[in-house]
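Read the structure below first, then the notes.
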2 protein chains.
Amino acid sequence: MTPATSVKPYHHGDLRNALVEAGVELAREGGPAAIVLREAARRVGVSPNAAYRHFDSLPALVTAVAQRALTDLAKAMQTEIRRCRPSGDEQADAWRTARAVGKAYVEFALREQGLFQTAFDRRAHAAASDHIEPGAVSPQDVLTERLEALVAAGLLPAADMAAARMLAWSSVHGLALLLLGPLEHLSRRERKAMVEATLDQVGAGLLPGRT
Amino acid sequence: MTPATSVKPYHHGDLRNALVEAGVELAREGGPAAIVLREAARRVGVSPNAAYRHFDSLPALVTAVAQRALTDLAKAMQTEIRRCRPSGDEQADAWRTARAVGKAYVEFALREQGLFQTAFDRRAHAAASDHIEPGAVSPQDVLTERLEALVAAGLLPAADMAAARMLAWSSVHGLALLLLGPLEHLSRRERKAMVEATLDQVGAGLLPGRT
DNA sequence: AAAGGATGTTGACACTGTGAACTTCAAGTG
DNA sequence: CACTTGAAGTTCACAGTGTCAACATCCTTT
C-alpha cells in the first residue's frame, strides 16, 4: 500500500483530467478568458510545461473544458426532464418536458455563466480535432429527443422538425446570452418573467394553436 | 498651412479615434480577443502607453470598439429597411421590414463575424462607465421601432410588445451565434435556408395567424 | 537488467498589460 | 513677451503569459 501522500510522486498519474478540472474551475470563476495554462498547472501542483504532454496548446485545453461544460449542460437538461412527472396526457407531457428543457438551458446559463460561455467559445469549437468522449451526450441530442417526443405525440408535424429545432435552439440560446450580456442588469424577478414569456412564445411558434 | 505630413508631429491630434479605428480593424480580423493595445498603438504609429491618455485600460478600448460595432450593426439594419420599398399594404410592409431587420442582423453577423462578436463581448459591456456617443442608435432601437410599426398596423397587440421583443431579439441573436459557432460548417445554401425558415417561424410566433 | 518511450522539469524567449517618471508642446497668465 | 502649467507622448521597468528546446525521471517491455 503506497501512502496516499508520500512526498509527491514524479508522475501525477491523471494529469490530463486534473488539468481539465482545474480549467473548469477557472472557467467557472471567470469565463473562457480566465482559462490559463500556467495557473491550471499551478493549481494541480505541476510545472507549466507538463501540460504540453496532454494538450497541444492552450486552445486545446479550452476545448476540453468546453466539452466538459457541454455535457454538464446536457445533464442539467436531462435532470430537469426527470423532475417532470408524467401526468398521463401524452401531449401535455411532451410539451411540458420540452419547455422544461428550455428552462434548464437558460437556468444553467445563469447559474454557471463562466462554464456556459466557455461551452460556446469560439476557440473551443475552433480546435476541433480533439478526441471526443465516447458516451458524451450533447445539448442538441437532448433537444432533438424532446422534439421527437412532440412529433410522437402528434403535436408537431415531422416535416417541421428541422425548422422547429432551429427556432427552439436559437431563441433559447439567444435568450440566455442576452440575459448574460446586454440584459444583465435585470432583477431576478424580471429575468424569470422574460424566460417564461419567451418560452411560451416559442411554444406558440412551434405548435400553432396548442399551448 | 502646415504640410499634411511634415515629419510626424509629437501630438497625434486625434489619437482616441485612430486607436478605436485600429481596434475595429483588429476586431474584424480576429474577434474581440485580437484587440491588443500594443498592436493598435503600433498601427497608429505611437508608443504603447500613449493609449492610456485616452483609455483607462484595454477593456475600455474594447468597449469603445464594441460600441462602434453596435452602431455599425444598427446602420446595417436601417439600410436593409430602406431597401424595402413600400407596397401600399401597411400590414404587409410592416411585416416585411420587420423581417428585413432580422435578416440584416444575421447577415451582418456572418459578414462581420469579428465585429459582431466584439459588439456582444462580455468585457465590452462590463466596463460600462465609458462616455457614450450622443446620436448613437442601437440595434434594440431599430427593433423596437419595427415592432411599433407592427402594432400600428394592427398586427401585434400593444400588450404583447415586451414578449415579442424578447422572442424576436433572442431568436435572431441566437441564430446568428449558432451559425457562427456550432453550425459554422454549414454551407452558404444551408445557412440561407436556416435563416429564412427561422425568420418565418418567428413570424408565426409573433403574429398568430398572419404571415 | 537494460533500453526506450512516456511524463515532468528547467531555462529561455517574445509578447502582453500596466505603473512611474520623464519630455514635448500648445495655450493661457503675470 | 517670457513663463508656468497641464495635456499628450515617450521611455524604462516589471510581472505574467504561451510556447520551444533540452534535460531528468520513471514505468514498461524485452
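Letters go in sequence order (proteins before strands), and every chain restarts at 1.
If you measure from atom CG of B:Asp14 to atom C1' of D:dG9, you get 15 Å, rounded to the nearest angstrom. When rounded to the nearest whole Å, the span between CG of A:Leu15 and P of C:dG8 equals 4 Å. Counting to the nearest Å, the P atom of C:dT18 and the OH atom of B:Tyr52 are 4 Å from each other. Regarding A:Phe55, its CZ atom lies at a distance of 14 Å from the C1' atom of C:dT7, rounded to whole Å. For the pair A:Ile35 CD1 and D:dG18 P, the computed distance is 11 Å after rounding to whole Å. Note: CD (A:Glu39) to P (D:dG18) measures 10 Å, nearest angstrom. Rounded to an integer number of Å, the gap from CZ of A:Arg42 to P of C:dT10 is 14 Å.
When each of B:Lys75, B:Arg68, B:Arg28 is paired with B:Glu112, the salt bridge (charged side-chain N to carboxylate O under 4.0 Å, His left out) condition holds for B:Arg28 and for no other.
Taking side-chain N and O atoms only, A:Arg38 has no distance below 4.0 Å to OP1 or OP2 of C:dT16. The phosphate of C:dG8 (OP1 or OP2) has a side-chain N or O of A:His54 nearer than 4.0 angstrom.
When each of B:Leu58 and B:Arg53 is assigned the nucleotide of DNA chain C bearing its nearest heavy atom, the one mapping closer to the 5' terminus is B:Leu58.
Here the CD1 atom belonging to B:Ile35 is positioned 7.5 Å from the CG atom belonging to B:Asp121, to the nearest 0.5 angstrom.
Considering only side-chain atoms of B:Val36, the nucleotide from D:dG18, C:dT16, D:dT11 that sits closest is C:dT16. When each of D:dG9, C:dT9, C:dA20 is scored by its nearest atom to the side-chain atoms of B:Asn49, the top-ranked nucleotide is C:dA20.
Using a cutoff of 4.0 Å between basic side-chain nitrogens and carboxylate oxygens, A:Arg99 and A:Glu196 are scored as salt-bridged.
You'll find the side chain of A:Gln201 stays beyond 4.5 Å of the side chain of B:Met166, heavy atoms only.
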